[in-house]
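To start, the structure itself, in structure tokens.
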Amino acid sequence: ACGLGHALYLVPDIEQAQLAFTTCWEHGTPMLGLGGMRLLMAADVERRLGNEAQAQQYFSWFEEELRRATAEGYVIPAEQGPDVTLHAMLFAYLGREDQALRQLVQIVTVDPFSAADLRRYPLFAELVKHPEFRAAEAQGRPRIERQRQDVLRLLCGPNPVSLKYRPLPTTCARLRTD
């Protein structure tokens, strides 16, 4: 149910996400990491539905898990982190858009492939429209295209990785020969 809540949140189907998250935590306890993100998602869902008390309960649970995980070294503070998406979600949830935007730009700068995923989060809906995010995303596009071409060369080039399996002609048509 937790994974379903996550997926429904990203669609976004807020009402169904609420049901899935409720079911999830009636039967289990999240860990931080994905669990923490899911607690923030659940808090955001409840807030969007006008259920402030339930949103605060999820958020308090998240804060407790974050404190514990940080103290134990499982989560690194935002300024140092690999847990950048978690912190971006936290900042966005708290309305600290400048900090959330910095985190999102950092994510896309390091991993341009993540931009499409970040666009799916309702918490980031306005932030991904920001010119700074779009500029970082645009800077990553050449890297994505180079990697796409590398994969196409592996599949469709003169020495394909598989002699048995061949991609569809429409896939190989995207391989540039210049």
Side-chain angles (χ1 to χ4, degrees), residues 2-14 17 20 30-42 44-45 62 66 69-70 73-178:
C2 294
L4 179 59
H6 186 144
L8 290 166
Y9 176 77
L10 296 176
V11 172
D13 185 337
I14 300 301
M31 301 174 356
L32 207 57
L34 264 184
M37 287 182 182
R38 288 177 180 157
L39 282 169
L40 281 173
M41 290 176 195
D44 186 46
V45 162
F62 167 80
L66 181 61
T70 302
Y74 293 113
V75 173
I76 298 172
E79 306 76 41
Q80 306 166 9
D83 302 300
V84 183
T85 305
L86 178 69
H87 289 96
M89 289 182 70
L90 173 59
F91 294 142
Y93 184 82
L94 294 173
R96 293 161 50 185
E97 287 85 12
D98 289 348
Q99 288 175 292
L101 180 61
R102 274 197 304 275
Q103 299 289 316
L104 294 177
V105 167
Q106 179 184 342
I107 294 166
V108 173
T109 300
V110 171
D111 178 15
F113 293 94
S114 64
D117 289 336
L118 296 174
R119 289 181 171 288
R120 296 174 43 205
Y121 285 80
L123 272 170
F124 301 148
E126 293 305 311
L127 294 169
V128 297
K129 297 175 186 175
H130 193 279
E132 198 174 330
F133 179 86
R134 289 180 180 225
E137 185 178 28
Q139 284 182 320
R141 284 192 191 111
R143 180 174 162 200
I144 292 171
E145 184 54 32
R146 277 192 308 276
Q147 289 186 6
R148 179 179 290 121
Q149 289 300 311
D150 289 346
V151 169
L152 287 171
R153 269 190 288 291
L154 288 171
L155 296 173
C156 306
N159 300 310
V161 292
S162 173
L163 297 175
K164 182 177 180 181
Y165 299 103
R166 298 293 296 171
L168 292 172
T170 54
T171 299
C172 291
R174 292 187 251 160
L175 176 62
R176 291 195 321 251
T177 56
D178 49 20

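Note that these values count all heavy atoms, side chains included, but never hydrogens, waters or copies made by symmetry.
Residues in residues 105-121 take part in these salt bridge (charged side-chain N to carboxylate O under 4.0 Å, His left out) pairs, two or more places apart or across chains: D117-R120, R119-E137.
Taking CD1 of I107 as the reference point, atom NE2 of H87 lies at 11.0 Å (rounded to 0.5 Å). Atom CD1 of I144 is separated from atom CZ of F113 by 5.0 Å, given to the nearest 0.5 angstrom. Here CD of E132 is found 8.5 Å from CZ of R102. Values are rounded to the nearest 0.5 Å.
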Problem - M89 vs M41, side-chain contact (heavy atoms from CB on, under 4.5 Å): CA-CA, chis, key distance, verdict - result: CA-CA 9 Å; M89 289 182 70; M41 290 176 195; 3.8 Å; yes

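Closest approach of A88 and A100 over heavy atoms only: O-CB, 3.6 Å. Taking each heavy atom of P142 and Q139 in turn, the nearest pair found is CD-O, 3.3 Å. Residues L90 and F62 approach most closely at CD1-CE2, 3.7 Å, considering heavy atoms. Between L101 and F133, the closest heavy-atom pair is CD1-CB, 4.0 Å. In terms of heavy atoms, P122 sits closest to P12 at CG-CB, 3.8 Å.
Scored by the salt bridge (Lys or Arg N to Asp or Glu O under 4.0 Å) test, K129 finds E126 as partners (sequence neighbours excluded).
The backbone N or O of V105 lies less than 3.5 Å from a partner atom in the side chain of T109, making a donor-acceptor pair.
Side chains of D44 and Y9: a donor-acceptor N/O pair is present below 3.5 angstrom, by distance only.
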Identify each donor-acceptor pair in which a side-chain atom of residues 147-158 lies under 3.5 Å from a protein atom, sequence neighbours left out, and give them as a table.
residue, atom, partner, partner atom, Å
R148, NH1, E145, OE1, 2.7
Q149, OE1, R176, N, 2.8
Q149, NE2, E145, OE2, 2.9
Q149, NE2, R174, O, 3.1
D150, OD1, R153, NH2, 2.7

